[in-house]
Amino acid sequence: MALRSRPSPKWRDAVGAECVDREGLAGFSRFGSAARMALLGLLALIPAVWAGVEAAAERWSPESPEVVQAVERALGYLEKGQGEGGESRTGAWALVGLALLKSHRPADYPLLVRAAEEIRRRIPPSGRPQDFSVGTWDIYSTGLSLIFLCSYDPVRYRNDIQAILAYLVFRQKPHGGWGYPAGSPHELTGDTSMTQYAVLGCWEAVQAGIPVPSEVLNKAAEWLIRTQDPGGGYAYQGQVGPGGQLIPQSGVRIGMGIAGMSSVYVMASLAQLRAPSTDRDEGLPPALQRIEEERAAGRLRPSISGAALRATIQRGNAYIERSFQMPSGMYNYYYIYSVERYFTFRQLVEGKSDDRIPWYDSGVEYLLRTQAPDGSWNHQCGPVCDTAFGILFLVRSTKQSVERVRDFGAGILVGGRGLPKDTEAAVVQNGQVVALPLRISVEELTAVLESPDAERTAAALDALRAMPRDEVRLFVSKNAEALRRLAGGDSREAKLAAIAALGNGGDLSFAPVLIDALGDPDPEVAAAADRALRRLTRRPGEGLNPGANDTQRQLRIREWKQWYQAIAPDAEFDR
């Protein structure tokens, strides 16, 4: 669904009506001082900003010196404690922590640690959803806290994440959206703005290996499909039409269109939206039949109508093509973070990028132009939150999350490399051919890996990496012992494949096998084991270089053993 042409910028009247009350962005704005820039003055700058963007098409990247400098200045503002009152609420701490994390501050960085602990101490001791304070845990704060803790350390904070996720599920409305609590004028409707953070929080939880009930995801997807305006946009408060019919929404604007469509693409990625295929499910072998049974029972990814999602995406992209602007004129820095999320998830789902809207360049130009001398940004969410939003856009934070999943989770066969000879054992996913490795048993896979046919060996390895995470975990759980044997066997290719599968398995009990594999004399196997351990434990960081010397490798082994024995004191290792 590529955009057909670069749209002419339509700088529409940004003075639109939006009802914002105490739990929403009006509350968010109290994180810092009120917006000081007059709207008319801002709009007067837009044509000049766009002209600069057009002249600098494809000029910027997160590594551009000016971008790096702007990020460091903004981080300096956050790190110096500027706008101290803005750090009093949970969501602001999550944003500050996320900005630091995505800017590659080390895990033990004091402000990063404090952000996580500030969130943790706000969780009620009981952990029960009913005991969470609505004032402390608005939907923005809840979603952002999930996003941050899942990205930061989902092993250490697993119990906290599960408690926050349970509260988020508790707050979902019967129609599937999230929004204001009981007693609010909007208690019956869903809020497109809040829902985008709830949906992204669920996505991060899934990537961290923490299950989200399929019913929750299905209801959210249904709400997003049914509250889309017939013209493709979204409103601040989504109205559900009768009988699934789309109805005109009140107050459609680009900010909510981007927010709604970013959530739609998140749901499409969770649903593993595929191109149509025929007869794919006939005659499935037992392994795949079990997966289909799990999926039908709602224990795997959501069972969302692919046709309905595609129609929603087509309408939404057409609306954005017609209406895109930078900035939006309302909550400009909050909006700019949504823009980065929309385009990143769009590329993830569609398998390609479309640069006909120069969204990153236009955002960079706007941020460079509006950054204050102290490094902050400030519009309507306050300087702390707006500064964090600006950083998250510049460093491509959502892209980092997606690439982390690709590194630590499922990949895809690109450009035909590793195309299986048996084309019936493949489907089209995101416009590309993806193998279905569960059509063969572990024994058959071993035979393929030990085959002298290098092409088939490469295909088998890619097939393991291409398996969706839920299917990998089912596969590994059913064949754990065989994979453990392969990981310690004699075949180099079998070791690499088994190690990759165990790293994707989501079970920390596999850690000792992988730690033992760090001592393998083959440096590629050792590096693969280290990569699998980081994937399994969701601990991003610099990996073990295949060229590491023996001292470096032994140090790495000791570090991983110490880590595992801290959570499993009775653990034993073969090496």
Side-chain angles (χ1 to χ4, degrees), residues 14-16 18-39 41-42 70-71 73-103 111-112 114-115 118-119 122 133-145 147-148 180 191 193-194 196-197 200 236 255-256 259 327-341 363 366-395 397:
V15 190
E18 178 179 33
C19 184
V20 184
D21 63 17
R22 289 183 178 84
E23 196 195 6
L25 284 175
F28 241 28
S29 68
R30 291 198 299 273
F31 294 168
S33 60
R36 294 187 292 269
M37 183 176 293
L39 185 57
L42 175 62
V71 168
R73 290 176 60 216
L75 289 169
Y77 174 84
L78 295 179
E79 291 164 352
K80 289 176 183 175
Q82 301 279 354
E84 187 65 33
E87 297 177 354
S88 62
R89 292 187 61 153
T90 313
W93 276 111
L95 275 172
V96 169
L98 197 60
L100 292 166
L101 185 66
K102 297 295 186 177
S103 301
L111 188 55
L112 189 52
R114 184 183 172 191
E118 287 286 344
I119 292 169
R122 288 165 166 78
S133 167
V134 173
T136 301
W137 291 95
D138 56 80
I139 298 301
Y140 292 109
S141 295
T142 304
L144 284 165
S145 295
I147 296 163
F148 169 51
Y180 293 96
D191 184 296
S193 178
M194 296 184 198
Q196 71 171 323
Y197 285 97
L200 187 58
Y236 175 56
M256 292 301 97
S328 68
M330 297 183 71
Y331 301 100
N332 289 334
Y333 302 106
Y334 154 92
Y335 166 76
I336 209 170
Y337 177 41
S338 299
V339 166
E340 192 264 340
R341 181 161 58 255
Y366 175 69
L367 288 167
L368 294 181
R369 188 181 187 95
T370 59
Q371 189 171 30
D374 63 3
S376 68
W377 288 285
N378 185 21
H379 187 217
Q380 289 172 287
C381 294
V384 171
C385 293
D386 278 341
T387 300
F389 285 137
I391 293 169
L392 292 172
F393 176 90
L394 290 176
V395 301
S397 61

Starting at CG of Leu394, measure out to CG of Leu368 and round the result to the nearest 0.5 Å.
7.0 Å

Side chain Ser145, main chain Ser141, donor-acceptor under 3.5 Å:
yes

Can you measure from CD (Gln380) to OH (Tyr331) and round to the nearest 0.5 angstrom?
5.0 Å

OG1 of Thr142 to CE of Met194: how many Å apart, nearest 0.5 Å?
10.0 Å

Nearest-0.5 Å distance, CG of residue Leu111 to CD of residue Glu79:
6.5 Å

Carefully, step by step, assess Tyr197 and Ile139 under the rule side-chain contact (heavy atoms from CB on, under 4.5 Å).
CA-CA 7 Å; Tyr197 285 97; Ile139 298 301; 5.6 Å; no

Phe393: what forms a ring-ring contact (aromatic ring centres under 6.0 Å, His included) with it, not counting sequence neighbours?
Trp359, Tyr360

Check: Ser376 side chain, Ala372 main-chain N or O, donor-acceptor pair, under 3.5 Å:
no

What residues, two or more places apart in sequence or in another chain, satisfy side-chain contact (heavy atoms from CB on, under 4.5 Å) together with Ala74?
Gln371, Trp377, Thr387, Ile391

Could you state the interatomic distance from CZ (Phe148) to CG (Leu100), rounded to the nearest 0.5 Å?
8.0 Å

So CZ of Arg89 and OH of Tyr140: to nearest 0.5 Å the spacing works out to 11.0 Å

Apply the test side-chain contact (heavy atoms from CB on, under 4.5 Å) to residues Tyr337 and Asp386: give CA-CA distance (whole Å), side-chain angles for both, the deciding distance (0.1 Å), then the verdict.
CA-CA 10 Å; Tyr337 177 41; Asp386 278 341; over 6 Å; no

Under a 3.5 Å distance rule, please check whether Arg73 uses its side chain to pair with a backbone N or O of Pro373 as donor and acceptor.
yes

Taking all non-hydrogen atoms of both residues, which atom of Ser103 and which atom of Val395 are closest, and how far apart?
OG-CG1, 3.9 Å

Minimum side-chain heavy-atom gap Leu98-Phe389 below 4.5 Å
no

Leu392 to Lys102 - nearest heavy-atom pair and separation:
CD2-CG, 3.9 Å

Residues Ser193 and Tyr334: side-chain donor-acceptor under 3.5 angstrom
yes

